[in-house]
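Just so it is clear: chains get the letters A, B, ... in the order the sequence lines come, proteins before strands, and each one is counted from 1. Values below: all heavy atoms of this structure, side chains included; hydrogens, waters and symmetry mates excluded.
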Number of protein chains: 2
Amino acid sequence: MTKQNLGETIIMNAAQLFKKQGYKATSIKQIANASGCTTAALYYYFEGGKSEILETVMRRMQPEQMREAKLQELPPRLGDLIGARMEIMKDNMAVMADRIRWLFMEMANLSDEDKLPFQKQLLGFQSEIKADLQQYIADEKQADQIAWIMFCSFFGYQQLGVTMGLDAHADLTVTKFTEAMQAVIFADLMDLPKRDDAA
Amino acid sequence: MTKQNLGETIIMNAAQLFKKQGYKATSIKQIANASGCTTAALYYYFEGGKSEILETVMRRMQPEQMREAKLQELPPRLGDLIGARMEIMKDNMAVMADRIRWLFMEMANLSDEDKLPFQKQLLGFQSEIKADLQQYIADEKQADQIAWIMFCSFFGYQQLGVTMGLDAHADLTVTKFTEAMQAVIFADLMDLPKRDDAA
DNA sequence: GTCTATAGCGGGATAGAC
DNA sequence: GTCTATCCCGCTATAGAC
């Protein structure tokens, strides 16, 4: 526990506890203990109490979320694009998985307005995949469809494998999943070269 | 509220509340109110209190879960298989989505042993899709891969669309998603007829 | 079987000392 | 800024009447 601003420490510990247990199941006493202070100190930094701590945690979490999805350089063949994307995600999978699991938990209690930023980020993720694909695929609708399938299936894989623990029972490593994705989706597109006239 | 066994009524109402709010966030008073009795009555039926109610809900939920996934009759062309599966799921989607969302919430607090039945059911779901596919596709590995992608992407779609509320922002109806799945995955397999020599 | 009443505990929040 | 002490409330659970 680096002795920096206590307010920051509180937020970090709260974020961790919320993610692990959920908002309702986490008490402010737990947060105080983890932060090495008393509940009273929490109210010095966050007058609004527990709910203000939640708001702050949510606000802090967003800019960081899923930022990793951007590819620096596109590979020459479309088939390698999936591999490259998967590679990036593999590293951050554990982090993303429990963050998303938590969002699922709290989503039910969020107002439509509060949901918005998270939804936007998810949509942005699909858009990025689509944009990448359009570097290879001319047909916009096709790129869109493929992007959705890639996005949904990766998302589902992550939830099933990591959160639900299926990877322990099925032989469903990231590598195998990537192979399946490449084999299934891109059977006939796999070798498309990067288009030169792309945006 | 059909006036049957109160014990059953309690379990049904508890299940609904747990799914909506999570175990921790649901009070026994809420359960009692919803069931038209007092908390004391709960303890007549479930001596173990709230935790015994949870156990019972979990035990009851399993056999019912995802039962709908079985197809009675396979369509003549492979391309229609996805449509048929989607059609079935569409109806039960809302039910499944919040049940699964709940499982996600509680998964973190379940022991590995308790997780097992749910994991088995999920795996069984993939197996069913695979078995269907093998009626059309000879190559076992290919069928397995396609089944995983279908399973994961449907799962992801459901979570993203319904639980995260993306369907409100993207034009991501079940129909469109089904089309995408058909277009993307089965571009070149779409018209495969049902094999006669299949198991 | 189901109720009323209540004990006991842990949670969120605040006042006031330092 | 941070603590101690405390309030009040809602929750789980139980005792005992009907």
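We find that CG of A:N33 is positioned 16 Å from P of D:dT2, with the value rounded to whole Å. To the nearest angstrom, P of D:dG10 lies 18 Å from CD1 of B:I31. In this structure, B:K50 atom NZ and C:dC9 atom P are separated by 18 Å, rounded to whole Å. In this structure, A:L17 atom CG and C:dG11 atom P are separated by 12 Å, rounded to whole Å. Residue B:I10 contributes atom CD1, which lies 8 Å from atom P of C:dT2 at whole-angstrom precision. Computed from coordinates, the B:I53 CD1 to D:dT12 P distance equals 9 Å when rounded to whole Å. Atom CD1 in A:I28 sits roughly 13 Å away from atom C1' in D:dC8 (whole-Å rounding).
Every residue meeting the ring-ring contact (aromatic ring centres under 6.0 Å, His included) condition with A:F18, not counting sequence neighbours, appears here in chain and number order: A:Y23. The ring-ring contact (aromatic ring centres under 6.0 Å, His included) test applied to A:F46 returns no partner, not counting sequence neighbours. For B:Y45, there are no ring-ring contact (aromatic ring centres under 6.0 Å, His included) partners, not counting sequence neighbours.
At most 12 heavy atoms of other shown residues, nucleotides or ligands fall within 6.0 angstrom of atom CD in A:Q16. Counting non-hydrogen atoms of neighbouring residues, nucleotides and ligands closer than 6.0 angstrom, the CD atom of B:Q142 exceeds 12 such neighbours.
Of all heavy-atom pairs between B:Q134 and B:R195, the closest is O-NH2, 2.7 Å.
Legend: salt bridge (Lys or Arg N to Asp or Glu O under 4.0 Å) pairs involving residues 152-172 of chain A, not counting sequence neighbours, sorted by first then second residue: A:D171-A:K176.
Aromatic ring pairs are classed by plane angle as parallel below 30°, tilted from 30° to 60° and perpendicular above 60°; the pair A:F177 and A:F154 is tilted.
With B:D144 contributing its side chain and B:E140 its backbone, the two residues share no donor-acceptor pair below 3.5 Å.
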Output a table of nitrogen or oxygen pairs between the protein and nucleotides 3-6 of chain D separated by less than 3.5 Å.
unit_1, atom_1, unit_2, atom_2, d
D:dC3, OP2, A:T38, N, 3.0
D:dC3, OP2, A:T38, OG1, 3.3

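For DNA chain C, the neighbouring residues in residues 42-49 of chain B, judged by any heavy atom under 4.0 Å, are B:Y44, B:Y45.
Within 4.0 Å of A:S51, counting heavy atoms only, lies no atom of the nucleic acid at all.
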